[in-house]
Trainee: 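Below you'll find the structure I mean.
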Protein chains: 2
Amino acid sequence: MALAHAILASLLDASCSGYDLAKQFDSAVGCFWEASHQQIYRELSRLETDGHVVAEKVEQATRPNKKLYHITASGRDWLKTWIAQPASLSPLKDDLLVKLYAGHLVPRPILLAELHQHRQQHAERLNQFRARLEAHLQDDDSATQSFAYLAISHSIRAETAWLAWCDDAIALLEKSEKSRDQSDAPDNPSSP
Amino acid sequence: MALAHAILASLLDASCSGYDLAKQFDSAVGCFWEASHQQIYRELSRLETDGHVVAEKVEQATRPNKKLYHITASGRDWLKTWIAQPASLSPLKDDLLVKLYAGHLVPRPILLAELHQHRQQHAERLNQFRARLEAHLQDDDSATQSFAYLAISHSIRAETAWLAWCDDAIALLEKSEKSRDQSDAPDNPSSP
DNA sequence: TAACCCATGTAACCTGTTACATGATTAA
DNA sequence: TTAATCATGTAACAGGTTACATGGGTTA
């Protein structure tokens, strides 16, 4: 049920509307959790019925009205309890690696294009994460600062590692493609 | 629908029973995809009705009978089509980082215990992954070798990065705990 | 005037988890 | 004799995705 907890963690920093939360979990939590707006609205109404958040209606003149959600004492307690419970590792799931693993089935240029595209996406994510870290270090609350720093720094390291790996993978596939072009008996068009 | 594709990718190497697949997606695919046995049995029966795999009944004297699943030509084609379609990054989801981010809510020893425990789990996973890489490099099929190498090597890098990060995080939290013990006005028991 | 941003939701569907169910063989 | 391993499944539920729906204000 970590979506609920990620929402609560996000509301610790500042009260938000569902819309705010949906936009990449504004602020830092977006570095380690994602969810669609549908999921967030559903979860917020559950959290409200459970008393972990309260909604404040905000009427706006020029914009649609919105609901500002605030975390309650009960929400804090529930979050604390969850944090204190030991958990196992987050499940491994990565499409790109599955594709690459079976990559010998398809022509090399397709894989290379996919790797380039992923490299690009990781680079963008890395920039976002760096900006989020900056923003959080501006925060004058030294109690939360180093915790945020630790969490976001992992995300940054992970993206950096992705970029480096993409570069290596691209280099390897391009190299083997060239050497194949120069050879004279390529009877398997997708072998490295 | 990547579970189906991960199963097919796994069946490229060797035909398996549902039970075999469930045990960490025997062989390499387990480095980047996980699923419970219930999910796998459900998915295998769908793949069978779609004609992407065929089941061969194997009667065993001393063990329960089993079904060996083989990938079909249609399954291969379907896998190829999927690989060739551009995809976006796998979604970010990590409980531990959410916990750490809101870590100022709980006493430091709880976080430290959780970090130590995660470090241990990552170390175990790293060992498994290294063994899987070894096993795949023994494989004499040079066509699949470097693709497997690339995919698994990312998993190994990621686990290595986790270990290094855990060490840093533990060091930082332990250091700040010590300095707090020596100070004389710790009115916030969970601030670093 | 078309596209995008703000802002909230519903409904159907697919994916993943938890609990339940069975039953023989083998190693401690 | 207890627990683990092999081997397959069903059912109920929670989590996540896709599509649909609305409507005013702002920017190009």
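Computed from a predicted model, the values in this text were never measured in an experiment.
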Trainee: Would you say B:Ser17 reaches D:dC6's phosphate, i.e. side-chain N/O to OP1/OP2 under 4.0 Å?
Mentor: no
Trainee: With side chains defined as the heavy atoms from C-beta onward, is the minimum distance between A:Leu21 and A:Tyr41 less than 4.5 Å?
Mentor: no
Trainee: Got a salt bridge between A:Glu34 and A:Arg125, using NZ or NE/NH1/NH2 to carboxylate O under 4.0 Å?
Mentor: yes
Trainee: Whole angstroms only, please: what is the CE-P distance between A:Met1 and D:dC13?
Mentor: 15 Å
Trainee: Can you measure A:Leu3 atom CG to D:dA14 atom C1' for me and round it to whole angstrom units?
Mentor: 11 Å
Trainee: From the list C:dA7, C:dG9, C:dG16, which nucleotide is the closest neighbour of the side chain of A:Tyr19?
Mentor: C:dA7
Trainee: Whole Å only: how far is the CG atom of A:Leu44 from the P atom of D:dG16?
Mentor: 14 Å
Trainee: With A:His52, which of A:Trp82, A:Trp78, A:Tyr69 fulfils ring-ring contact (aromatic ring centres under 6.0 Å, His included)?
Mentor: A:Trp78
Trainee: Can you tell me how far P of D:dT5 sits from CG of B:Asn65, to the nearest Å?
Mentor: 21 Å
Trainee: Would you mind telling me which of C:dT8, D:dC6, D:dA7 lies closest to the side-chain atoms of B:Lys66?
Mentor: D:dA7
Trainee: A:Glu56 CD to C:dA7 C1': how many Å, rounded?
Mentor: 16 Å
Trainee: Under the side-chain contact (heavy atoms from CB on, under 4.5 Å) criterion, do A:Asp13 and A:His136 qualify, and how do the steps go?
Mentor: CA-CA 10 Å; A:Asp13 298 326; A:His136 254 265; 3.8 Å; yes
Trainee: Output the rounded distance in Å from OH (A:Tyr41) to P (C:dT10).
Mentor: 11 Å
Trainee: Apply side-chain contact (heavy atoms from CB on, under 4.5 Å) to residues B:His154 and A:Asp94 and explain how you reach the verdict.
Mentor: CA-CA 11 Å; B:His154 179 271; A:Asp94 196 281; 5.9 Å; no
Trainee: Mind checking what makes ring pair (Phe, Tyr, Trp, His ring centres under 6.0 Å) contact with A:Phe32, not counting sequence neighbours?
Mentor: B:Tyr101
Trainee: Any side-chain N or O of B:Lys23 below 4.0 angstrom from OP1/OP2 of D:dT5?
Mentor: no
Trainee: A:Leu47 has an atom CG; how far is it from atom C1' of D:dG15, in whole Å?
Mentor: 14 Å
Trainee: Check this for me: A:Glu59, atom CD, are more than 12 non-hydrogen atoms of other residues, nucleotides or ligands nearer than 6.0 Å?
Mentor: no
Trainee: Using five pairs at either end of the helix from C:dT1-D:dA28 to C:dA28-D:dT1, determine the angle between the two local helix axes and round it to 10 degrees.
Mentor: 50°
Trainee: Could you tell me the separation between the CD atom of A:Glu48 and the NE2 atom of A:His70, rounded to the nearest 0.5 Å?
Mentor: 11.0 Å
Trainee: At under 4.0 Å between heavy atoms, how does the protein contact nucleotides 17-28 of chain D? Give one character per nucleotide, 5' to 3', with B, S or -.
Mentor: BBB---B-SS--
Trainee: Just to be sure I understand the rule, does A:Ser45 reach a base, reach only the sugar-phosphate, or reach nothing, if contact means heavy atoms closer than 4.0 Å?
Mentor: nothing
Trainee: B:Arg157 and A:Trp165: side-chain contact (heavy atoms from CB on, under 4.5 Å), yes or no, with the steps?
Mentor: CA-CA 8 Å; B:Arg157 284 187 195 198; A:Trp165 176 83; 3.8 Å; yes
Trainee: From the options D:dA14, C:dG9, D:dC6, select the nucleotide whose nearest atom is closest to the side chain of A:Lys67.
Mentor: C:dG9
Trainee: Using whole Å, report how far CH2 of B:Trp33 lies from C1' of C:dT15.
Mentor: 10 Å
